[in-house]
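Here is the naming used below: chain letters follow the sequence lines, and residue numbers restart at 1 for every chain. All values reported here derive from a predicted model rather than from experimental measurement.
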Amino acid sequence: MDARGQSAKCGKVDDPRAGSIAPALLGWYDAHARALPWRAPPGANRADPYRVWLSEVMLQQTTVAAVIPYFERFTTRWTDVAALAAAPEEEVMAAWAGLGYYSRARRLVECARVVADRGGFPEDEAGLRALPGLGAYTAAAVAAIAFGQRAVVVDANVERVVARLFDIDEPLPAARAAIREAADAITPDARSGDFAQAMMDLGAGICSVRAPQCLICPLRSDCRGQARAEQLPVKPPKKAKAQRVGHAWWIERDDAVWLIRRPANGMLGGMRALPDDGWNARRDGSGNAPLDGGWQEAGRVAHVFTHVALDLAVMVSQGDDRPERVNELEEGEWWPLARLDEAGLPTLYARAAAVAMARKG
DNA sequence: GACTCGTGGGT
DNA sequence: TACCCAAGAGT
């Protein structure tokens, strides 16, 4: 990363607006920044790297509103990276339940252990990029926000804002090279972390996907794509969503339910779940019960994932025909019904459990 | 590059 | 309703 700003030559850097965008945006940010739990209070120069890193991982493809309660719970329970590193992976996964993209939780623990072992986070972008769960975006964001390094932070907000500012109408993902170059050109040497967060606040509140508020945008006089802002950036057509069916079994005994832990890879990997019939994104479930019993459908859960829609039948056994031969089951554990909300079930299985419980009355 | 991987809110 | 999409990473 060469520090640009005044002498770089390539492409959009020659744009006469390049030097005026950051000051305008930072001025706006100073007056309108959102107060978020992971941000340093006004006046403080840098935020806690642990909190910045944790928030950035949680925010990957996840809305601010969804993240906030999880962030509060995590930072209350694990106050620093050493505490998180010492936590059992299973507990962290359970605490992540409901937030989605569960491989993030496993890599979060993996990363925490690496960082704790080395005595702290790397402070440069390349070092951060080598950590588990930190890709190009997150490494740049942490370097800039937590360590004050100049880094070109490009997420979906920045892509949208930059595509509009520079009227880049090449479709994604091919446009990413041009967008990154333009983002580099407008990223200041000082306050690049604030600049990144300002771009995201702008993208979230003003330069929104639909109905952007160009009239009140602090960059309106520098924006070349204003006339067709809502059409930018141009996105590729989306793929059709597969439809799958599956079954899950509610196996209950002595006020406890049989829960398994899903294999580390694949959907809901590593998460606690009800036993099911092996449904996955590519294939319907077998429909075969894990043991004999007078199974009855308690209800169905229609659950939509990013790339597949699942229709899950929730099967319960009838009163006198309760399953007893637990040794026929795959590895798992009896989980007390009274503490079911602590099991860390991902949303699909939490919904399935709710269907089964409602059936019991 | 193309795919996989969750969830909830907005329109 | 049926989309669309969010502070992406890993394979």
message = If you assign A:Ala174 and A:His303 each to the DNA chain B nucleotide with the nearest heavy atom, which residue ends up on the more 5' nucleotide?
response = A:Ala174

request  = Return the nearest nucleotide to the side chain of A:Gln61; candidates are B:dC5, B:dT7, C:dA6.
outcome  = C:dA6

request  = Taking atom P in both C:dA7 and B:dC5, compute the distance separating them and give it to the nearest angstrom.
outcome  = 23 Å

message = Do A:Cys207 and A:Leu165 make a side-chain contact, defined as non-hydrogen atoms from C-beta onward lying under 4.5 Å apart?
response = no

query = Side-chain N or O of A:Lys238 less than 4.0 angstrom from OP1 or OP2 on C:dC5?
reply = no

key: Aromatic contact, A:Phe305 with A:His303 (centres under 6.0 Å)   = yes

query = Does CG in A:Asp341 sit with more than 12 non-hydrogen atoms of other residues, nucleotides or ligands closer than 6.0 Å?
reply = yes

query = Are A:Arg191 and A:Phe195 in a cation-pi contact, defined as NZ or CZ under 6.0 Å from the six-membered ring centre and within 45° of the axis?
reply = no

request  = Taking only the side-chain nitrogens and oxygens of A:Tyr102, find out if one of them lies under 4.0 Å from OP1 or OP2 of B:dT7.
outcome  = yes

task = May I ask you to verify whether the side chain of A:Thr62 and the base of B:dG8 hold a donor-acceptor pair under 3.5 Å?
result = no

Residue-phosphate contact under 4.0 Å: A:Thr63 side-chain N/O, B:dT7 OP1/OP2 = no

query = Can you tell me if the side-chain N/O atoms of A:Lys241 get under 4.0 Å from OP1 or OP2 in C:dA2?
reply = no

task = Kindly say if A:Thr347 contacts the phosphate of B:dT7, meaning a side-chain N or O under 4.0 Å from OP1 or OP2.
result = yes

query = Donor-acceptor pair under 3.5 Å: do we get one between A:Arg210's side chain and the base of C:dA6?
reply = no

key: A:Leu99 CG - C:dA9 P separation (whole Å)   = 15 Å

key: Between P of B:dT7 and OH of A:Tyr349, the distance in whole Å   = 10 Å

key: Distance test, side-chain N/O of A:Ser103 to OP1/OP2 of C:dG10, below 4.0 Å   = no

Spacing of the P atoms in B:dG8 and C:dA9 (rounded, Å) = 22 Å

task = Could you tell me the separation between the CZ atom of A:Arg282 and the C1' atom of B:dC5, rounded to a whole number of Å?
result = 11 Å

ask   = Given the side-chain rings of A:Phe74 and A:Trp96, with only the six-membered ring counted for Trp, is the space between their centroids under 6.0 Å?
value = yes

ask   = In whole angstrom, what separates A:Arg107's CZ from C:dA9's P?
value = 11 Å

